[in-house]
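Note that the coordinates shown come from a computational prediction; the quantities given were computed from them, not determined experimentally. Counting starts at 1 for both ligands and their atoms, in listed order. Numbering of residues begins at 1 and proceeds along the displayed sequence.
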Amino acid sequence: MRIGVLTGGGDAPGLNPAIRAVVLRATQLGHEVVGIADGWAGLIDGRARPLVEKDVAHILDLGGTILGTSRTDPRKDERHQRACIEQVGKLGLDALVAIGGNDTLGVAQWLHGRGVRIVGVPKTVDNDLSATDYCIGFDTAVSVVTEALDRLRTTASSHHRAMVVEAMGRDTGWVAAVGGLAGGADIILVPEIPVTAEEVVEAVRHLKEHGDDDIIVVVSEAVEIEGLDAQTSIERDAFGHPRLDQRAIGASLARHIEERTSIESRVVVLGHLQRGGSPTTNDRFWATRLGVSAVDLVTAGKSGVLPVARGGKVAVVTLSEAVSTTRRLDPELIELIGRLAGTRPQH
Ligand code: F6P
């Protein structure tokens, strides 16, 4: 069997371990592997190269993706739709493994509907794919947030400042919540918990009055804060997602806190630092498990499915189940934020 592998959407630490697992397992089973460059863009153009064991021998600890990636949606253009299907034939592919998040897996599901044998692997630092407990890349991203908070605590404390730390995560608060809790943030703002600017100001004042001299606020990039302006004229990517970094919610919040409380405030936008660097143990481990599993699934003739993490084990779900909804923070985590880093008084 000849298996194509591609990585799509935003890069994430753990993609290379997943590619490695696909190549090692496929080779072991006697398959050939073809690496497709730059996600769906590379499939449209037929840019691909054979991948053998030695190509993946030293990539386990490497961030990014050796295949390259792109945010390309081939469904938007009829010529691209045709090209994708044609290239599967031209490249002689019997099956495809698509490693990606909601967008990439949405395209994979579409290709499955057009008769291409395809299996996904769940990856996104946002950790927002439904049907899986865990997405490759998330653990490394939250480790970056935690480490940043450790570092920011000492400078905030030395200057008696408030630090507003803007985290990625798109429409869900996984990165801000888990990174913020692990790093001991004083206030965590996530899209799942409605909040007003006045509540944030009150919470900061309250912390200050109770002797907190280094106030750390973690804000997720998509949070809507009532009473606070964020930039509204922002670009969108090929999948229609707004460029959330351009909202500059962190900067706006830091300014507001300083104006309303007179506490000197600074913003730190963690941005793509959260997506860079060597993957953590957890990301490598799950990438390896899920990559091997994806190859086993295509070998067994499966299509339109993906291996996921469920209760510490690998389970298999359909692509349509995985992309049908966005997985939001669960109520237990929302409650925990309320208790330890909320803006409303707790009892
Ligand atoms: O989906 C992953 C993600 O990192 C989001 O958290 C963020 O909003 C977006 O991608 C940034 O995308 P880009 O790399 O295109 O700027």
Side-chain angles (χ1 to χ4, degrees), residues 6-16 18 38-42 63-65 67-73 76 98-108 120-130 132 134-146 148 165-180 188-192 218-224 230-253 267-277 279-280 283 286-287 322-323 325-329:
L6 63 82
T7 51
D11 72 325
L15 285 172
N16 285 326
D38 302 336
W40 302 119
T65 160
L67 295 175
T69 187
S70 65
R71 295 196 188 280
T72 305
D73 187 351
K76 288 170 77 179
I99 311 170
N102 263 303
D103 299 336
T104 306
L105 299 179
V107 176
V121 173
K123 166 281 330 180
T124 166
V125 295
D126 302 336
N127 206 33
D128 62 353
L129 270 174
S130 61
T132 183
Y134 183 75
C135 299
I136 298 168
F138 175 64
D139 191 54
T140 311
V142 291
S143 303
V144 172
V145 177
T146 307
V165 183
E166 186 180 310
M168 279 186 171
R170 229 167 230 160
D171 299 326
T172 67
W174 288 101
V175 179
V178 176
I188 299 174
L189 305 172
V190 291
E192 289 88 344
V218 175
V219 59
S220 193
E221 60 184 358
V223 169
E224 296 284 350
Q231 295 294 336
T232 47
S233 105
I234 52 181
E235 297 159 34
R236 286 180 182 268
D237 69 19
F239 287 87
H241 303 297
R243 283 270 313 269
L244 293 169
D245 58 319
Q246 294 180 347
R247 293 182 76 222
I249 190 73
S252 186
L253 184 60
V267 63
V268 175
V269 180
L270 295 177
H272 293 79
L273 284 174
Q274 293 157 107
R275 297 225 310 248
T280 57
D283 276 330
W286 276 102
V323 299
T325 53
T326 302
R327 192 169 75 106
R328 303 201 173 269
L329 282 184

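The nearest protein atom to atom 10 (O) of ligand 1, hydrogens excluded, is given as Arg71 NH2, 2.9 Å; this is a heavy-atom distance. Closest to atom 6 (O) of ligand 1, if we only count protein heavy atoms, is Asp126 OD1, 2.7 Å.
Near Gly169, the atoms of ligand 1 lying under 4.0 angstrom from a non-hydrogen atom of the residue are 6 (O). Each of the following atoms of ligand 1 lies closer than 4.0 Å to a heavy atom of Met168: 4 (O), 6 (O). Shown in contact with Arg275 at under 4.0 Å from a heavy atom are these atoms of ligand 1, numbered in order with element: 3 (C), 4 (O), 9 (C), 10 (O), 11 (C), 12 (O), 13 (P), 14 (O).
Between Asp237 and Arg170, the shortest heavy-atom contact is OD2-NH2, 3.5 Å. Shown here for Pro191 and Val223, the closest heavy-atom pair between the two residues is N-CG2, 3.6 Å.
Only side-chain heavy atoms of His272 come within less than 4.0 Å of ligand 1; its backbone N, CA, C and O stay farther off. Contacts between His241 and ligand 1 below 4.0 angstrom, taking non-hydrogen atoms only, are absent altogether. Contacts between Gln274 and ligand 1 below 4.0 angstrom, taking non-hydrogen atoms only, are absent altogether.
For the pair Val107/Asp73, a side-chain contact is recorded, criterion being any heavy-atom separation below 4.5 Å from C-beta on. Counting heavy atoms from C-beta outward, Ser252 and Val267 have side chains that stay 4.5 Å or more apart. Residues Ile234 and Arg247 meet the side-chain proximity criterion, which asks for heavy atoms closer than 4.5 Å.
Some N or O of Glu221 is nearer than 3.5 Å to an N or O of ligand 1, by distance alone.
The aromatic rings of Tyr134 and Phe138 stand perpendicular to each other, their planes meeting at an angle above 60°, with 30° marking the opposite boundary.
Side-chain N/O atoms of Asp171 and Thr326 include no donor and acceptor closer than 3.5 Å.
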